[in-house]
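Structure record follows, encoded as structure tokens.
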Number of protein chains: 2
Amino acid sequence: MRTDTVYKKAFNRTATMLRDGQLAGELPSENELRRRMCVSRTTVRKVLRELVHRELITERDGLRATGRAVGDYDYYPDVETTSRAKHVEQQFMEWMLRGDTKPGTSINELELARQFGVATNGIREFLIRFSRFGLIEKRPNTGWLFKGFTEDFALELFEIRVMFELRSAQLFSRQPDSSPLWDKLAALKIAHIELLARIESRFHDFSGLDNRFHRLINEASPNRFIDDFYDIISFIFHYHYQWNKQDEEQRNHAAILEHLAYIDALESRDPERIERACRAHLASARATLMRSLIGLDE
Amino acid sequence: MRTDTVYKKAFNRTATMLRDGQLAGELPSENELRRRMCVSRTTVRKVLRELVHRELITERDGLRATGRAVGDYDYYPDVETTSRAKHVEQQFMEWMLRGDTKPGTSINELELARQFGVATNGIREFLIRFSRFGLIEKRPNTGWLFKGFTEDFALELFEIRVMFELRSAQLFSRQPDSSPLWDKLAALKIAHIELLARIESRFHDFSGLDNRFHRLINEASPNRFIDDFYDIISFIFHYHYQWNKQDEEQRNHAAILEHLAYIDALESRDPERIERACRAHLASARATLMRSLIGLDE
DNA sequence: AAGTTGTTTTTTATGGATAAAGTTCATGCT
DNA sequence: AGCATGAACTTTATCCATAAAAAACAACTT
């Protein structure tokens, strides 16, 4: 049966809005809520019905108003708010990156399905989606081959990344001074500086910043294939570093400094300086990844 | 139910081998056949059983020998030898590239499933696979968005292609003279010259040559992401030009000449000459594609 | 007429079943 | 022991069913 995770997530979000007073007094219309939550009205109505039922809101003459206070116990547990597909993704990435899955292993849909507690269909869909990341390969009628999260993979990935990023950085720097992206860059620079000041306690926030920065650079001259490639990078890094926390603070600290140099270079519009800063940053990111890959075998 | 296309294709291939005398006299063992046909022994046995049943081969004391002559009527029809997945691919590409599907159209899994006569699952799997080509996009819980086979698409595609091909061509030219790839290149050059001589009658053969050529260039320094990207190109071009035959002969004639210039440039090892030849060829390929795209709207 | 809510219809996400194809085990023969 | 065939078992490709979510339709209100 299809999961009702969309509903549960919407419910939790509404509960939080109620608790934080964002929905004080009379509630907005179903359509208004629908827009805010990015779900269908069908789902909004289901949420409202449950809220009424739990007396978290009251309904009189078709008018809805806030009811009793929201308690922690009102929330659905987090696991119930992510779809099966997302679960499969998480479990697979853990299986692949943390387990002792060796390159050359073949992947068995049925076995994974049993292990993850889902139907084979879901596994297969995930694998098809995941195959574009270059880590697995399909052999028809037979199964999937795990090619390994290896040094080769990292090298090939970074070779492309350097090509794309150099291209995008140069194009970014050649935008007219009037482009709003310069302002966004300036804002991002400030965010970097602020994070740097509190790096000891907030170093986890870097990955979000990193993402915003690299995506901003691509914005000046969009190319869907470059965007897609950046999706691969984000995805891989997200999961890899989720379980590889060694030196995280130091790593992020260094990266912030590199970003700042890179941003300055962009602002200078000097092509050679940009190339140097960009290469320096990517070389360092690559070295970091390689180091952690070697660490994996120990 | 799963289709028995693997069996039928294997049967047809075996029939052809019998007819062409490649299996004269006593037949090889099941294992030997299995290796030759790249299918499992289970399938080989099924083929053999049917061959015996039709008296195309005889079996005495466990020894198999050729039987009566193979007739045209013995073959399974071609449609029955391609999997559902492949059919979906073909029908979808036709729907997309030939129909009047406008950019921004949303794609409905259920509707396509009905139209193509398959289960929704197959459609979805195809769409997931196809989504990496940058022509469609998934909106969760909602459906797929067709972004259109537009000029933008072609421009973005070729921007990447130029980057990749320049990189690969330069790396190719820097291989040691002892590399076997130089011989392969020389052989390919001859094939080009031969095709050129008979261009009027054999211009269809160009696309195979084109593929071999571009893949060869990538072979010198493999990168899985570049290979994947070339898959996209091949796929798109295959289907696009399958239904766009205008000026095919002339187009291919020009491309052969460009390839020859490109090959000469590579053999010269002169970086600048290589860059010029490579760019010239790709610019021309792009112009051709753009022209045919405009033609589509008429 | 535009925005609400109630109702019905359509579509997606997910599980389940099964024939075909692949793989492994068993037996027998040189 | 090594290879051939036979049989049993496992996995993939494919269809079908259904609850959840989205979309479309309808009726009502101001």
Side-chain angles (χ1 to χ4, degrees), chain A residues 1-10 27-35 37-49 59 61-64 83-88 106-114 117-127 138-144, chain B residues 1-10 27-34 37-49 59 61-64 83-88 106-114 117-128 138-144:
Chain A
M1 188 205 330
R2 184 176 180 166
T3 55
D4 56 356
T5 52
V6 174
Y7 153 72
K8 284 178 175 164
K9 188 175 264 171
L27 296 198
S29 78
E30 294 174 358
N31 264 315
E32 177 55 26
L33 281 170
R34 179 183 83 79
R35 266 187 296 272
M37 320 270 296
C38 297
V39 296
S40 73
R41 196 159 67 82
T42 309
T43 301
V44 167
R45 302 188 94 225
K46 195 170 169 187
V47 169
L48 290 172
R49 205 170 342 124
E59 194 167 34
D61 312 330
L63 279 182
R64 281 178 287 257
S83 67
R84 280 285 182 314
K86 193 76 187 169
H87 275 135
V88 168
S106 65
I107 296 170
N108 185 302
E109 293 176 1
L110 198 57
E111 189 189 316
L112 285 183
R114 280 190 291 244
V118 297
T120 52
N121 248 314
I123 299 288
R124 182 192 286 236
E125 281 177 18
F126 171 76
L127 292 174
K138 185 164 174 54
R139 290 165 308 171
N141 300 316
T142 301
W144 297 82
Chain B
M1 189 203 333
R2 183 176 180 163
T3 55
D4 55 358
T5 51
V6 174
Y7 153 72
K8 284 178 175 164
K9 188 175 266 173
L27 297 199
S29 77
E30 293 173 359
N31 264 315
E32 178 54 28
L33 281 170
R34 178 183 84 79
M37 319 272 294
C38 297
V39 296
S40 74
R41 195 159 66 85
T42 308
T43 302
V44 167
R45 301 186 95 223
K46 196 170 170 186
V47 169
L48 289 172
R49 205 170 343 124
E59 195 168 34
D61 311 331
L63 279 183
R64 281 179 287 256
S83 67
R84 280 283 184 313
K86 193 76 187 170
H87 275 134
V88 168
S106 63
I107 296 170
N108 185 302
E109 293 175 1
L110 198 57
E111 189 190 317
L112 286 183
R114 280 190 292 245
V118 296
T120 52
N121 248 313
I123 299 288
R124 182 193 286 238
E125 282 177 17
F126 171 77
L127 292 174
I128 295 173
K138 184 164 175 53
R139 290 165 309 171
N141 300 316
T142 302
W144 297 83

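A, B, ... follow the sequence lines: proteins, then strands. Residue 1 opens every chain.
Between the CG atom of B:L127 and the P atom of C:dT11 there is a distance of 15 Å, rounded to whole Å. As a whole-Å value, the separation of A:I123 CD1 from C:dA13 C1' is 15 Å. In this structure, CG of A:L112 is placed 14 Å from C1' of D:dT12, rounded to the nearest angstrom. When rounded to the nearest whole Å, the span between CG of A:N108 and C1' of C:dT24 equals 14 Å. Look at CG on B:L27: it is 13 Å from P on D:dA4, rounded to the nearest Å. The distance between atom CZ of B:R49 and atom C1' of C:dA20, rounded to the nearest whole Å, is 12 Å. Rounded to an integer number of Å, the gap from CZ of A:F126 to C1' of C:dA13 is 17 Å. Rounded to an integer number of Å, the gap from CD of B:E125 to P of D:dT14 is 8 Å.
One finds a side-chain N or O of A:R64 lying less than 4.0 angstrom from the OP1 or OP2 phosphate oxygen of C:dT5. The phosphate of C:dT12 (OP1 or OP2) has no side-chain N or O of B:R124 nearer than 4.0 angstrom. At the phosphate of C:dT12, neither OP1 nor OP2 sits under 4.0 Å from any side-chain N or O atom of B:R139. When the side-chain nitrogen and oxygen atoms of B:R45 are compared with OP1 and OP2 of D:dT5, none of them lie within a distance under 4.0 Å. Of the side-chain N and O atoms in A:N121, none sit less than 4.0 angstrom from OP1 or OP2 of D:dT12.
Each of A:M1 and B:W144 lies near DNA chain C, and the nucleotide nearest B:W144 is the one positioned closer to the 5' end. Between B:A85 and B:T120, the residue whose closest nucleotide on DNA chain D is further toward the 5' end is B:A85. With the nearest nucleotide of DNA chain C identified for both A:K86 and A:E32, A:E32 has the one nearer the 5' end.
With sequence neighbours left out, the salt bridge (Lys or Arg N to Asp or Glu O under 4.0 Å) criterion links B:E32 to B:R35, B:R36. For A:E59, the side-chain hydrogen bond (donor to acceptor under 3.5 Å, both in side chains) criterion is met by A:R64, not counting sequence neighbours. In terms of the side-chain hydrogen bond (donor to acceptor under 3.5 Å, both in side chains) criterion, residue partners of B:K86 (sequence neighbours excluded) are, by chain and number, B:E89. Every residue was checked against the side-chain hydrogen bond (donor to acceptor under 3.5 Å, both in side chains) condition with A:N108, not counting sequence neighbours, and none meets it.
Closest to the side chain of A:E30, out of C:dT12, D:dT12, C:dT5, is C:dT5. The side chain of B:R84 lies closest to D:dC15 when the candidates are D:dC15, C:dT11, D:dA4.
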Using the rule given for side-chain contact (heavy atoms from CB on, under 4.5 Å), can you reason through B:K138 versus B:L127, listing the C-alpha separation, both sets of side-chain angles and the distance that settles it, and then say yes or no? CA-CA 9 Å; B:K138 184 164 175 53; B:L127 292 174; over 6 Å; no
Any chance you could lay out the side-chain contact (heavy atoms from CB on, under 4.5 Å) test for A:L48 and A:L33, step after step, and finish with the verdict? CA-CA 10 Å; A:L48 290 172; A:L33 281 170; 4.1 Å; yes
Give the intermediate values and the outcome of side chain to side chain donor-acceptor pair (under 3.5 Å) for residues B:R124 and A:N121. CA-CA 11 Å; B:R124 182 193 286 238; A:N121 248 314; over 6 Å; no
Please determine whether side-chain contact (heavy atoms from CB on, under 4.5 Å) holds for the pair A:F126 and B:I128, giving the CA-CA distance in whole Å, both sets of side-chain angles, and the decisive distance to 0.1 Å. CA-CA 9 Å; A:F126 171 76; B:I128 295 173; over 6 Å; no
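Residue B:K138 is classed as a sugar-phosphate contact, given heavy-atom separations below 4.0 Å to backbone atoms only.
B:K46 places a side-chain heavy atom less than 4.5 Å from the side chain of B:D4.
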B/S/- contact track for nucleotides 21-30 of chain D, protein heavy atom under 4.0 Å: SBBB------
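The overall bend of the helix from C:dA1-D:dT30 to C:dT30-D:dA1, read as the angle between its terminal helix axes built from five base pairs each, is 30° when rounded to 10 degrees.
Side-chain atoms of A:T43 do not come within 3.5 Å of backbone N or O of A:R41 as any donor-acceptor pair.
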